[in-house]
Number of protein chains: 2
Amino acid sequence: MSVTIKDVAKKAGVGLGTVSRVLNNHPSVSEETRKKVLDAIKELDYNPNAIARSLKVKSTKSIGVMIPDISSAFYPDIVRGIEDIANEYKYNIILLNTDLKREKEKEALIMLKEKKADGILFISNTISEKLKRDFKKVNIPIVLIATKDDESEFYSVTIDNERAAYEATKYLIKLGHKRIAMIAGKKEDPNAGIPRINGYKRALEESGLKLDENIIFYGDYKFKSGYQNMLKVLKLKDKPTAIFSASDTMAVGAASCAMQHGFKVPDDFSIIGFDGVELAEYFYPPITTVKQPRYEMGAKGMEMLIKILQGEDVEREVQLDFELIERSSCKVKGES
Amino acid sequence: MSVTIKDVAKKAGVGLGTVSRVLNNHPSVSEETRKKVLDAIKELDYNPNAIARSLKVKSTKSIGVMIPDISSAFYPDIVRGIEDIANEYKYNIILLNTDLKREKEKEALIMLKEKKADGILFISNTISEKLKRDFKKVNIPIVLIATKDDESEFYSVTIDNERAAYEATKYLIKLGHKRIAMIAGKKEDPNAGIPRINGYKRALEESGLKLDENIIFYGDYKFKSGYQNMLKVLKLKDKPTAIFSASDTMAVGAASCAMQHGFKVPDDFSIIGFDGVELAEYFYPPITTVKQPRYEMGAKGMEMLIKILQGEDVEREVQLDFELIERSSCKVKGES
DNA sequence: TCACTCCTTGGAAACGTTTCCTTAAAAAAA
DNA sequence: TTTTTTTAAGGAAACGTTTCCAAGGAGTGA
């Protein structure tokens with residue numbers, strides 16, 4: 001029913017192979033026949049079938065993108081970066097939300113395997129041992145974004161979380177703050193959790209400030225946990241003057257909580273966030289943050305993947321630069 | 001190199017068709033042979049090839065999702081809704097950003113055509129005549145989300161923008177506000193622009209309030225245009241006491257501007273937004289808004305598409321309910 | 001025992017390409 | 001002119017499935 005290469009061949013009075021050749025710009029076809037074929041294609045409104053092509057050439061020009069949750073503010077920019085590059089190279093992306101659930105990750109992987117995705121981009125802050133094992137045996141090139149594995153068995157693009165947290169804390173110290181609380185991520189999170197806590201501790205230590213484990217609070221990066229941890233901060237007798245939050249969303253939660261309880265930001269609390277999401281920028285006061293180059297992380301990951309697919313070799317672990325963006329949520333301690 | 005159905009057949013000592021039958025749970029295969037085949041599959045670690053299957057059955061189980069920009073806060077939730085339903089029915093989604101550019105829309109459509117997407121979900125607030133024409137001749141089922149065409153030639157899922165704007169304005173009026181400005185969308189936008197302006201006007205009119213075209217400001221739904229339009233509001237001698245914004249992001253921009261200039265929200269200005277994005281919820285003060293059921297719009301659109309693909313008939317134009325969410329950015333006029 | 005059904009099964013054909021092998025024709029060389 | 005080389009073109013085979021048709025065998029009823 002739909003018009004195929006065969007119909008075109010017949011119409012143009014040439015062979016099958018010839019049509020295929022003009023379709024793929026093979027050199028050895030005379031100008032004359034090329035024209036005939038092109039005319040036939042136009043006339044019949046022929047449309048190539050990428051599925052049939054894929055079956056033969058064993059490449060689908062599709063990339064699987066596994067992500068915890070596209071509706072979580074951190075991810076869309078990454079995906080945009082991925083798609084832009086993919087598009088440039090004529091690849092498509094298949095988007096899969098996993099919610100970090102083992103079951104969904106497994107299903108997603110199976111789907112991608114069956115649909116013969118040429119490669120996979122895995123975006124997350126954690127990667128489980130099981131998934132790593134699955135990844136290793138699936139035999140599809142994979143690049144990790146915003147996470148990496150300790151053994152460096154996978155390609156990855158990340159930022160230096162430890163140093164970023166260090167810089168953020170250092171920034172607060174530079175402003176004169178001596179008692180700095182941290183609203184951290186998850187204790188067991190090897191990317192957004194631990195390294196950021198370590199960076200915070202190192203900055204304190206290096207500046208000769210006392211580390212008080214009681215003012216490190218653990219959250220899940222979301223608004224509510226920022227808000228609730230701030231509640232705890234407000235109950236402290238010896239309140240900190242500054243807060244480093246491991247996510248912008250928690251920072252905003254903390255700021256909201258403070259303001260709702262009659263405190264001022266940055267007058268009573270200087271707050272610095274992490275990630276660089278829109279919310280931090282548009283909040284009032286705008287939240288100082290260390291921005292992860294999300295778009296670039298996606299773009300870079302996709303570029304690496306394409307290179308891998310083309311057989312070029314690429315650096316195994318890429319670290320992109322973060323950026324400390326000064327806004328209005330932090331001020332010099334004591335100044336009014 | 002990779003193991004196929006043929007290898008399985010050989011190993012199990014059965015015919016090709018038989019393997020295919022157990023793979024597809026056809027009834028007519030004895031328990032005994034089914035077992036043999038299953039064993040062979042396990043032993044060889046056989047993995048079906050969806051590409052080959054698609055070629056034969058003429059269905060890829062892939063849905064194209066065309067969206068202006070996934071990194072714009074309005075869209076991710078919609079996509080999440082889509083993907084959840086898709087996933088449930090074993091479909092995959094191919095995500096394409098179009099930036100509302102004709103060229104990219106065209107390319108995306110061609111890609112989807114070649115890759116034989118079973119259906120398309122088009123998300124936007126506008127759809128151009130040209131694209132409509134392309135859609136009509138492409139012969140792939142299409143559902144529009146968050147937009148519709150005047151002629152009702154396409155399936156669509158939207159909300160009643162006029163009524164939503166009406167309710168929002170009415171809400172402000174009920175609070176006692178008499179002079180209500182609007183920060184509107186684009187004058188030529190047939191979905192998020194015009195109807196919302198009309199709803200605003202109707203509410204005013206119906207309540208006997210004077211319509212002042214000078215306090216309708218036009219923006220592009222983004223923060224900056226909210227901020228800048230608010231600047232104009234602040235210059236007015238006869239300032240409004242309330243503002244209805246056609247997007248949350250503009251509402252937040254307006255609120256930021258007001259607060260930065262020493263005004264208070266909601267004391268000096270009651271502000272109501274539109275969309276129900278996270279930013280409005282987490283802003284301080286939290287912004288009252290009329291929430292579009294974005295997740296549900298995506299989910300519903302996908303459900304409709306699946307039904308269409310299964311040959312069931314479905315309602316042509318579906319309107320989902322919006323919800324006015326009261327938060328802290330609006331208060332009774334005059335009250336302190 | 002024979003004729004009929006019904007249930008399983010095997011395998012060829014088809015889906016729409018690309019690629020490789022041939023061959024015909026044209027061009028170049030002798 | 002004849003031989004050799006080059007170029008253009010045709011078409012079969014293959015990619016990995018599904019589906020359809022034919023057929024063997026077992027069961028059933030008379």
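- Ranking dA9(D), dT9(C), dT17(C) by closeness to the S28(B) side chain, first place goes to dT9(C).
- A pairwise comparison of heavy atoms in Y91(B) and S62(B) identifies CD2-N, 4.0 Å as the closest pair.
- One atom, CD1 of I5(B), and another, C1' of dT18(D), lie 8 Å apart when rounded to the nearest Å.
- One can place CD of E32(A) at 15 Å from P of dA25(C), the figure rounded to the nearest angstrom.
- Checking the phosphate oxygens (OP1, OP2) of dC15(D), no side-chain nitrogen or oxygen of S54(A) falls inside 4.0 Å.
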Scan nucleotides 19-28 of chain D against the protein and return all N/O pairs shorter than 3.5 Å with their distances rounded to 0.1 Å.
unit_1  : atom_1 : unit_2 : atom_2 : d
dC20(D) : N4     : R21(B) : NH1    : 3.3

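- Here the P atom of nucleotide dT18(C) and the NZ atom of K6(A) are 14 Å apart, to the nearest Å.
- For the pair V14(A)/V29(A), no side-chain contact is recorded, criterion being any heavy-atom separation below 4.5 Å from C-beta on.
- Residue T33(B) places none of its side-chain N or O atoms closer than 4.0 Å to OP1 or OP2 of dT8(C).
- Within the structure, no pair that satisfies the salt bridge (charged side-chain N to carboxylate O under 4.0 Å, His left out) test touches residues 295-305 of chain A, not counting sequence neighbours.
- K58(B) places its NZ atom 12 Å from the C1' atom of dT17(C), with the value rounded to the nearest Å.
- Taking a cutoff of 4.0 Å between a charged side-chain nitrogen and a carboxylate oxygen, K35(A) and E32(A) do not qualify as a salt bridge.
- Nearest-nucleotide mapping onto DNA chain C: of A52(B) and V29(B), the residue sitting toward the 5' end is V29(B).
- At a threshold of 4.5 Å between non-hydrogen side-chain atoms, the residues N87(A) and D84(A) do not count as touching.
- An OP1 or OP2 oxygen of dG10(C) is reached within less than 4.0 angstrom by a side-chain nitrogen or oxygen of T18(B).
- At its two ends the helix from dT1(C)-dA30(D) to dA30(C)-dT1(D) runs along axes set 50° apart, each axis drawn from five pairs and the angle rounded to 10°.
- Computed from coordinates, the L44(B) CG to dG16(D) P distance equals 14 Å when rounded to whole Å.
- At the heavy-atom level, N47(A) lies under 4.0 Å from the strands shown only through sugar-phosphate atoms.
- K10(B) places its NZ atom 13 Å from the P atom of dG16(D), with the value rounded to the nearest Å.
- Between S30(B) and dT9(C), a side-chain N or O to OP1/OP2 separation shorter than 4.0 Å is present.
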